[in-house]
Structure formats: C-alpha cells, structure tokens
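One structure, as structure tokens, below. Some questions next.
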Amino acid sequence: PPLLLLLLHMELAAARQPRGIIFCEIGPCFTNPGIFTFSTYFLCLFQCWRTTWYTHGHTHHTSCITPHFLFEEECFFFPRSVQGLGDVAPYHTLLQQGVDRPATPRLEKMAQEGTLFDRFYTLGAECSPSRASWMTGRSPSDPAVRIHLVIGPDRQENQHRGCANWLDPNTTTVTALLHERGWATGHFGKWHLGDVVASGSEKGAPPLAAYGIADSQCYVCTNPSTFDFSDPWFPSNSSRLIVDRGLQMIEQAVAKNQSFYLNLWFHINHAPLLPTKEQYQALADYEGVKDPVELCPGPNPQPHIIGYPTCPQLVYRASQFELDRQIGRVLDYLDATGLSDDVLVVFSSDNGPEDPHIYINSVGDPGPFRGRKRSLYDGGVRMPMIARWKGQVPAGRVSSTTLLSADWLPTVAALTNTPLPGTADSMLGHNMAQELVPTARSGGPRTKNPAWDYRAQGYGYCWNAAPRLAIHDLEQPELKLLLNPPGDFPRRELYNRSLAADTFESQSLVDQFPDLTANLTARALAWMSTLAPSPLFKVNHTGCAAYRFP
C-alpha cells in the first residue's frame, strides 16, 4: 500500500485555521529496516527503534515496533529524536547505526517539529477500505460505502465480494465538503476507490471531480488525467512525479489566495519496488558507504533485474529514502514560502506491512504487534501518524490518544469551521481536532466504540489470521475484543494490549472477564447489524495461536 499526503489549505479567521492541509499517505507501512512509511496513502513514520525477535530459529533485528503511521503499504516509524514513546518505548533501544537503521531523516524531522501519534488505527486492513474511511468518516462496511475489501476493475469479482464497484459520489467526502466552500482541492497518486471502466450500457467509475476534487492525476482510477502505471519505471519515479503535481497545485492556489486541500497518496512501499541506480547510490551516500551493496546484511547479494547486486532490504530502504526525500521537498517548500505557519501536514499509512511471502522485497516488520496487512490484529491496522503545523500542533510531542482514520473528515471539518451534513450522526468517526491543535474546538469524548469489520481470510502465517470483527472498549481503549459472528467459525478473543500485559495479543482474557466479553460482544454484534450485507462467498476466519512473542 502507498503513502498518502494530505494538505489542507485554509483561510485564516479569528479562530486560527490552517491555510492549507496536506495529507500524505503511503502504501504498506515500511516497518522493518526502520522505515516509517508515508503510506502512499499516508506517510508512515516507521522507524528507528530496535528489538530482537525470533522465528523458526532465526534471529531478526528490527527497528519498527510501534504502530503504523502511514496508509497504504504497511509500516510505522518512530523518529530517533522523539523521546518517551509511551508504553511502547521499553521495547526499543535507539538505533544509531546498522542495516536496520531507518533512512527517513525528513520524517524524523517532521516528527520533531510536530506530534507523533502512536495509537493511530486505520479502519481497513488493506488499501481500498482504509482509503474509503479516510475520505468518508465511515466504516468501510457502512451501507453508504460498501468497500470492506479491495475493489478492482472486475464487476463480477466486486459483486462476489459484496462490494460496490466504486465509492458512491453521493456519500459525503472530506474533499467535497471543502470544495463546496470554495477551497482548491487536489489528489495526486493512487486512488483505488473505483477503476471499473464503462462497457456497453454499463457506466464506469466516475472521475475524481465527482468527489469534489478539482485537480487530480492518479492511477488505479478512471480519471481523464492518469499516471502511466504500465511504465516499468513509474514506481521508481512515482514519488517525485506525485510531489511535482502537488507543489504545482499549491503554487496555483497561493497565487489565487485560495485555501487548499491536497491528498498525496504515494506508491511506496507497495509492490513493485524498483529503485534506480542513482537512488541506491543516494542511500549509500547518506549511510556513508561507497558501494550500496555494503548495506545488504548478509553474504551473496543477488543480481537485481537491472544488473547490479542488491537484496530485499536494500530495495526497500532505497525506495523509502527516495520517498522521504520527496516529502522533504514539500516541507522545504512550505518553510521557504512561509506557509509552514499556516498549513497542516499529516502523514500516515493505510495498513500494516505486506507479507514477504507475497512480495520478497516487502521487509516491513510489525515489531511487537501480531498481524500484518489483511489482519485486524494491531500489526495490520495500528499505524504511526505525524501531524505538523508550526505554532499550532505541539512540537516534539508523543500522544497515545486513540485516533481512527474515520476521524479525519469530522476533524478537518472542525478545524476549518465547515458544517457537517445531516447524515453525520451515522459516521463512525469523531471530531478529534483538539488532539492535533490544543486550541481547536473540542469534540467531547468519543461516543461510539472503535470497531472493525474485515471480511476476508488472512494470508500467510495462521497466527496473523484474525476473526472478522474487532472492537475497543470506550473506557479502557487498551482492551480489545475480536470475534466471529454467530454461526461462523466460533472465535472470541479479549486482549489487554498495555505494555505490562500483552502487546502481541496472544493471551486471551475471555474466561477471566466474562461480563466485559459479553458486553463488548453485544456492542460489536449490534454495530454489525447496521453494516452492509455480507458478501456472497463464505470465509471461516480461522486462525491459530501457534506463535508466541518472546
């Protein structure tokens, strides 16, 4: 999954509002080798903490042990400079050097200059659902969304999965709300919310303009203006091309004295990854070595498709370093033009790390969390998120407040004094503006339990295959229940994910807390009854508890 960069540009008013907002998202968070993915969806700040863990007799050193921040491919980062990472910090030792050290200096600086949220959760375990929740403030399984799984160009396959062919333009989106108020709105990068083409009398997915996006260039879409994803070198150049278009839009909006909102949804770290020789060398120069292959951790690096030695770690890190450099271009532009005092920039990712069994260069690591992409365990949905707005978002802060991807729309509405539609009461998201900007209007306490519905069987190791539903307790958010609906493969798992208890979600407390389990079960099933119907195919949502975190 890719990175997402969201820039929201707002006019200043008596109550301070940002002139702009930029939302950066990346694909599967780059976890392992210390990378924080700018989810081609959101910028994932995966990063520089280190731990040692064991599987099948092999020792693995990793830097990423906290939640994913970006969207799109999986990953999460924690900047070296940020101290006090809450209940995750004891798992990490600051990594100063070595192959696992994340090469994300600009994201680290962004975290220094803003706030790192280490309990940010995306409501989708893969890209389409996550993106839908960011855009709408709703669960991906909401009847107004119906994108509970990845959607594609095949109508019959989408129907088989019980999914819509595209995001309904009649469903309120964050871009439509701001566009109606006269904002300049843009989206550059991956879309993946509908790419069905017209066929005979059957309509195709609408262009991005239908969602209040005035300026756009995308891929996995049916837009008039698209990136050429068939170009084998597009992944190598994608971060630069996306930022080029984003900066162009910002310049045009500023010239018109217009507020702006910008989605930058990056490809990295999604497959395929194909760094250029120059990008490999740029990473080597940053790490202080002459030959990039010196950064491969083991012997016998294999020839790359373009003919020189490399390894999965090097492919992954060189791609991330280029992404980080391009994000730095955005931040440098804002600093140079004086916009940093007026623009909110948010970075995160859409889901946890891809399984390397599916793509060998996906070396992202969920650290002490169970699960990966396509799992409702924390390793699949807990991401890092970074927010920067100089003078408004506290600098150098780490927050352990629970935030959801669905909170984005109501939060942006609050920050920009934009009224919500009458249908907002059915949204799962909540106004969390005051958690980003302490002087913003408070949304009060959250009134709806954070809840997830993922209707696909997990991939890879069986211990990553979670039940279909998950729900957090409102009063004690570290308590999480996962369950299958009645009639499906029976599973109920209750975890206390605090540091002193069980961050890996391996020791179920169902038997010890029957009343709490019953209460959360009732809440989860009541919420499920409000969702879109289940897909036509049957999934057992089986798994296992074969793995235990040391």
Side-chain angles (χ1 to χ4, degrees), residues 2-9 19-27 37-44 70-72 104-107 110 175 183-192 207-209 213-221 223-256 258 260-270 272-279 282-283 318-340 343 345-347 388:
L3 304 180
L4 173 72
L5 178 61
L6 184 58
L7 178 61
L8 177 60
H9 183 96
R19 294 182 59 195
I21 296 177
I22 300 178
F23 177 44
C24 298
E25 183 192 38
I26 57 174
T37 303
F38 229 160
S39 177
T40 293
Y41 190 22
F42 273 78
L43 212 62
C44 207
L70 286 292
F71 296 85
E72 239 324 51
T104 52
R106 299 314 307 268
L107 285 177
M110 181 180 172
T175 45
W183 286 48
T185 50
H187 180 104
F188 304 103
K190 187 176 181 181
W191 178 241
H192 214 170
L208 272 62
I213 298 172
D215 191 5
S216 62
Q217 187 172 358
C218 56
Y219 63 101
V220 195
C221 61
N223 218 39
S225 178
T226 60
F227 291 106
D228 184 8
F229 197 68
S230 65
D231 178 357
W233 289 103
F234 173 73
S236 314
N237 300 312
S238 61
S239 299
R240 173 179 55 81
L241 295 172
I242 291 168
V243 168
D244 284 350
R245 290 290 281 112
L247 292 178
Q248 181 184 53
M249 186 206 131
I250 295 173
E251 290 174 347
Q252 293 171 349
V254 170
K256 298 176 182 178
Q258 189 176 15
F260 59 86
Y261 176 97
L262 173 63
N263 280 342
L264 299 181
W265 290 7
F266 297 92
H267 171 74
I268 309 300
N269 294 296
H270 202 287
L273 300 176
L274 185 64
T276 64
K277 193 169 185 178
E278 292 74 19
Q279 289 168 358
L283 175 63
S319 299
Q320 292 171 337
F321 187 66
E322 169 63 10
L323 169 66
D324 184 80
R325 188 175 75 86
Q326 296 301 329
I327 292 171
R329 287 179 58 206
V330 176
L331 300 175
D332 287 344
Y333 173 83
L334 298 177
D335 290 343
T337 56
L339 287 171
S340 292
V343 173
V345 184
V346 170
F347 171 87
R388 189 192 87 154

Legend entry - Value rounded to 0.5 Å, distance of CG in L331 from CG in L339: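 Those atoms lie 12.0 Å apart.
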
Legend entry - Side-chain heavy atoms of H267 within contact of S236, under 4.5 Å: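 Contact flag for H267/S236 side chains = no.
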
Inset, instruction - Go through the structure and list residues passing side chain to side chain contact (heavy atoms under 4.5 Å, CB included) with E251, not counting sequence neighbours. - result: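 E251 satisfies side chain to side chain contact (heavy atoms under 4.5 Å, CB included) with Y333 once adjacent residues are dropped.
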
Legend entry - Any donor-acceptor pair under 3.5 Å from T185 side chain to A214 backbone: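 Confirmed, T185 side chain pairs with A214 backbone.
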
Inset, instruction - Rounded to the nearest 0.5 Å, what's the gap from CH2 on W191 to SG on C218? Could you check? - result: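 Output value for this atom pair is 8.0 Å.
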
Legend entry - Minimal non-hydrogen separation, H187 against K190, with atom names: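 Here H187 and K190 meet closest at NE2-O, 2.9 Å.
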
Legend entry - Interatomic distance, F227 atom CZ to C221 atom SG [nearest 0.5 angstrom]: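 Interatomic distance, F227 CZ to C221 SG, rounded to 0.5 Å: 9.0 Å.
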
Legend entry - For the student: nearest non-hydrogen atoms of P275 and W233, plus distance: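 Closest pair (atom of P275, atom of W233, distance): O-CZ3, 4.2 Å.
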
Legend entry - Check: S230/D228 side-chain N/O donor and acceptor closer than 3.5 Å: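 The answer is yes; a qualifying pair exists.
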
Inset, instruction - Tell me, please, which residues at least two apart from R106 pass side chain to side chain donor-acceptor pair (under 3.5 Å). - result: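 Once residues adjacent in sequence are excluded, the partners of R106 under the side chain to side chain donor-acceptor pair (under 3.5 Å) criterion are D332.
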
Legend entry - T104 (side chain) donor-acceptor with D324 (main chain) under 3.5 angstrom: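 Judged by distance alone, no pair lies under 3.5 Å.
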
Legend entry - Test applied, side chain to side chain contact (heavy atoms under 4.5 Å, CB included); reference residue, V343; option that passes from L334, T337, V330: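 Exactly one candidate clears the test, L334.
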
Legend entry - Flag side-chain contact, heavy atom, 4.5 Å: S340 against R388: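 Side chain of S340 against side chain of R388, heavy atoms only: contact under 4.5 Å found.
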
Legend entry - side chain to side chain contact (heavy atoms under 4.5 Å, CB included) partners of D215, counting only residues at least two apart: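 Counting only residues at least two positions away or on another chain, D215 forms a side chain to side chain contact (heavy atoms under 4.5 Å, CB included) with F188, R245, M249, Q252.
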
Inset, instruction - In sequence, state the C-alpha distance, the side-chain angles, and the governing distance for R325 and Q279, and then conclude on side chain to side chain contact (heavy atoms under 4.5 Å, CB included). - result: CA-CA 10 Å; R325 188 175 75 86; Q279 289 168 358; over 6 Å; no

Inset, instruction - For residues R329 and L247, determine if any side-chain heavy atom of one lies less than 4.5 Å from a side-chain heavy atom of the other. - result: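 Contact flag for R329/L247 side chains = yes.
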
Legend entry - Point-to-point distance, once rounded to the nearest 0.5 Å, from OG1 of T276 to CG of N237: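 So the OG1 of T276 and the CG of N237 are separated by 7.0 Å.
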
Legend entry - Nearest heavy-atom neighbours spanning L283 and A318: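 That closest heavy-atom pairing would be CD2-N, 3.6 Å.
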
Inset, instruction - Report the relative orientation of the aromatic rings in Y219 and F229; use parallel for angles under 30°, tilted for 30 to 60°, perpendicular for over 60°. - result: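 It falls in the parallel class, under 30°.
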
Legend entry - Closest non-hydrogen atom pair between P232 and P235, with its separation: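 Shortest heavy-atom contact: O-CD, 3.4 Å.
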
Legend entry - Spatial distance of atom OH (Y261) from atom CD1 (I213) [nearest 0.5 Å]: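 Interatomic distance, Y261 OH to I213 CD1, rounded to 0.5 Å: 8.5 Å.
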
